[in-house]
Structure formats: structure tokens, C-alpha cells
There are 2 protein chains.
Amino acid sequence: MGRWEPDARGRLLHAALDLFADQGYEATTAAQIAAHAGLTKTTLFRHFADKREILFQGQPALVSVVASGVASAPEEATATELLRAGVRALCEWHVPEQQEIGRRIRPLVDLSPELQERTAFKRSVLAAALVEALHERRVERRAAAALSDVGIRAYYDGFAAWTDARRDEPLWDVVSEELIAIEVALRSALGAPQRLGQDAATR
Amino acid sequence: MGRWEPDARGRLLHAALDLFADQGYEATTAAQIAAHAGLTKTTLFRHFADKREILFQGQPALVSVVASGVASAPEEATATELLRAGVRALCEWHVPEQQEIGRRIRPLVDLSPELQERTAFKRSVLAAALVEALHERRVERRAAAALSDVGIRAYYDGFAAWTDARRDEPLWDVVSEELIAIEVALRSALGAPQRLGQDAATR
DNA sequence: GTCTATACAATGATAGAC
DNA sequence: GTCTATCATTGTATAGAC
């Protein structure tokens, strides 16, 4: 044991979640968060580049997770199989504790444009990493880009559904279903043109 | 004529572009920009919510542009036709002058995480608006979401190609080609599974 | 190697005068 | 619509403490 309480980052995260829930994101100052974690503002900014990053800690790792997920797929994998491998790796990186954290973060993001901005940025960085990974496995550029959008959407929408669900279903189960559903919907929308407003299932 | 030079927003934009090109985005203060436009910092922030927004002025309009583009498509339009109508409306909203402005903004964004963040946010807001518009035209939720991603990607990538090109081709021509190319690539990737690493065109 | 104290520049908000 | 002035907060930089 060192001279300081351990896990400064974790304490800052929980202090932030508590204070944000009480006062809202904007009304809470960095100094307040630091104080609640038994630290000073200076130390907070030694651990996190900015106030928002407290809530997104760990996410930088996702870029390499998705990359190695795709890279380690079987040699003979098709483009959609490579996509599944990448998205699956993302899902398996998450530990059950993040279900609870995600549940607490969501309403904060919904109320704060600043947090929405950071979310959108992280998503775009992750999507770009997935495009690169697919392209390196010889998926053509445009296909890689479009498939990446599909996979990232399944991941985010699936993650939201997962944090909402009380059951402790694995994240990948939820996202995998979402991914398949999107692929089906897209194939049908892009395929033989169908008139809308009719129930396609009845034909 | 009033007491002030007209078009404060336009003057601020060009002052910002000049100073950013010289000193970089971060090294340029809001006060400097305001001074170069013959204004004060206070007035700058009356016109723009923050420093970044100087470069993105006008873009809030795109949300309603894409919505009415989709809404005013023919009754019998298919999902992909609705998508094209929305993206086309976006393209036709842009005036040729924005080709030059886009050319000057891009390198700034490439160097500034802060601007990348704002870009990603605008993109996500636009994509969400497109999803809503498609859904209101009875495109199923997941198909609307995935098609929106395709359309927004075509729009952004096409816009980048358009600003790079010296020719004065209409933006929609560039984006339309991109959109079709993505649809083709995606249909092929999602369709009959194909092994990679072979040239599909030679079969 | 992590924490703290202090000082500092810049953003962005606010109140009141012209 | 613009200006002056003041202000809290973010985030940085530096120096040193344990």
C-alpha cells in the first residue's frame, strides 16, 4: 500500500456521477468533484484531460480492441464476418459493472450538449478505426466504411438496450441480434425496390 | 444604413479563417478575431455561442433542409429514393462559395481535436434528423437508421471530394455518384457472401 | 511517481450604458 | 447591436512536498 488511497480515477468517476446526478453536469465544477474524491483540482486534471473525460475513461482502449478483433478473425472470413469479429471484440471488452455506469451516464448525456459532443466524437473515432481494420483485411474502402457504420450503430444501439435491460444477458447477445436485424433491414431496403406502406411479410 | 458595418457574422468568419490559417486555431484568441472584424469579444459571443461555431455558421439550417427534402419526395418513393431526396436537398442548399470556405476549413479541423469534436456532433445531429424524416415516411426504424448512415457518409465524403476538386461541378453530382457507389459496395458485401482477395469483376 | 500550492491565460456569461 | 467591465470556471504550467 502506498501513501495515498488507491484508484484515484475510480473515485473521481463515482464522485462525478454522484454530483452530476444531484446538480447536473454543468452546475458541477471540477473543484467540487476533486474535493469529493479527496483530491484537488490540479490532481483531477493530472488524471483526465478535461471534465468530460472523467465519464469516458477507458474508452480510448476500444480503438485497439476493435482493431485486433478484426485482425485476428480467420483468414477466410467474409466482410460481414470480419465486421462481426470487430464488434464482438468491442462487446466482450465490457465488464458487467459498465451496465450500471452506462445507466447513470445516459441521462447526463441526454441533457448536456457538451457530453453529446464528446460521445459523437468517440463514436466517429471508433468508426474510423473499424474502417481501417476492415480495409487492412482487404475489404474495399467504400464497403468497409458502410459496414463500419452498420457495426458501430449496432454496438451503440445494442449497448443502450443492454444498459436498459435489468437481466444480465451478455452484451454481445444483444448487439449481435441488433447487428443481424440491421443487416436484414438494409438488405431489404437496398435490394429489390419495394413499395412502402405494405406489410412485406404478407406477400 | 445603421451605425455599424453590416454582416458581422461574415466578417467574423473571414477574420477567423485568416487568423487560424496564420496562427492555428488554438493559438488564436476570440478577442483577436473580434478585433480583426472591428468588434469586441462580447459582440463576437453575441453572434456565436462559442469560438468553434464561427466556422460552422449556417449548418443548423441543414437539419430542416434534410427533413423537408425527404418530406417533399413523391408519395410512391421507395426508401432509397427518399434517402436520395434528403441528401440531394442537403447538396442543393450549398452555394458555390462554400467550396472555397470548405477548402480553408478542412486543414484546420484536421489539426484540431476541438473542431473534430464539433464536426462529429453536427454530423450526428444531421444523421438523427435524417433517420426521423425517413421514419416519418414509413421507413422501418432500423432501415431508416442504416440508410441514414449511408446517406450522411456519401454527403460528407462527397463534400470533401467536391471542395478538393477545382472544377465547378455541382455538389450533388459528386455526392450522387458517391451514394450510388456505396450502395453498390454495400449490396455486394451484404448479399451473397463472397470470399475476399479475388477480383470480383473477373468472374 | 503521485500529489499539492499557486499563478495564469482564455472562454464564455452577465449587467448596464449608448 | 455594440461597448465596457467584471466575473466564475476551465485547463495549463511550474515548482515543490511526501
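In what follows, chains are A, B, ... by sequence order, proteins preceding strands, each numbered from 1.
To the nearest angstrom, C1' of C/dT4 lies 15 Å from CZ of A/F45. Between the C1' atom of C/dA13 and the CZ atom of B/R46 lies a distance of 13 Å, rounded to the nearest Å. A straight line from CD of B/E117 to P of D/dG11 spans 11 Å, rounded to a whole angstrom. For the pair B/E26 CD and D/dT10 C1', the computed distance is 14 Å after rounding to whole Å. Residue A/H47 contributes atom NE2, which lies 16 Å from atom P of D/dG11 at whole-angstrom precision. Separating the CD1 atom of B/I33 from the P atom of C/dA10 is a distance of 12 Å, rounded to the nearest angstrom. Whole-Å rounding puts the A/L44 CG to C/dA5 P distance at 14 Å. Protein atom CZ of B/F48 is 11 Å distant from nucleotide atom P of D/dT2, rounded to whole Å.
Other residues, nucleotides and ligands contribute over 12 non-hydrogen atoms within 6.0 Å of the CG atom of B/D110.
Proximity note for A/T40 (side chain, C-beta onward) versus C/dC3, C/dA5, D/dT10: the nearest is C/dA5. Relative to the side chain of A/L39, the nucleotides D/dT10, C/dG12, C/dT4 differ in distance, and C/dT4 lies closest.
Annotation: of the two residues near DNA chain C, B/T42 and A/T43, the 5′-most nearest-nucleotide partner is A/T43. If you find the closest nucleotide of DNA chain D to B/A8 and to A/K51, the one lying nearer the 5' end belongs to B/A8.
Counting any heavy atom pair closer than 4.0 Å across all strands shown, A/K41 reaches a base atom. Within 4.0 Å of A/T29, counting heavy atoms only, lie sugar-phosphate atoms of the nucleic acid but no base atom.
Closest heavy-atom contact between A/E53 and A/F48: O-CD2, 3.8 Å.
Relative to the six-membered ring of B/Y156, B/K122 misses at least one condition, a distance below 6.0 Å or an angle of at most 45° to the axis. Geometrically, A/K51 does not engage A/F20 in a cation-pi contact defined by less than 6.0 Å to the ring centre and at most 45° from the axis.
The pair B/R142-A/E178 counts as a salt bridge, with a side-chain nitrogen and a carboxylate oxygen less than 4.0 angstrom apart.
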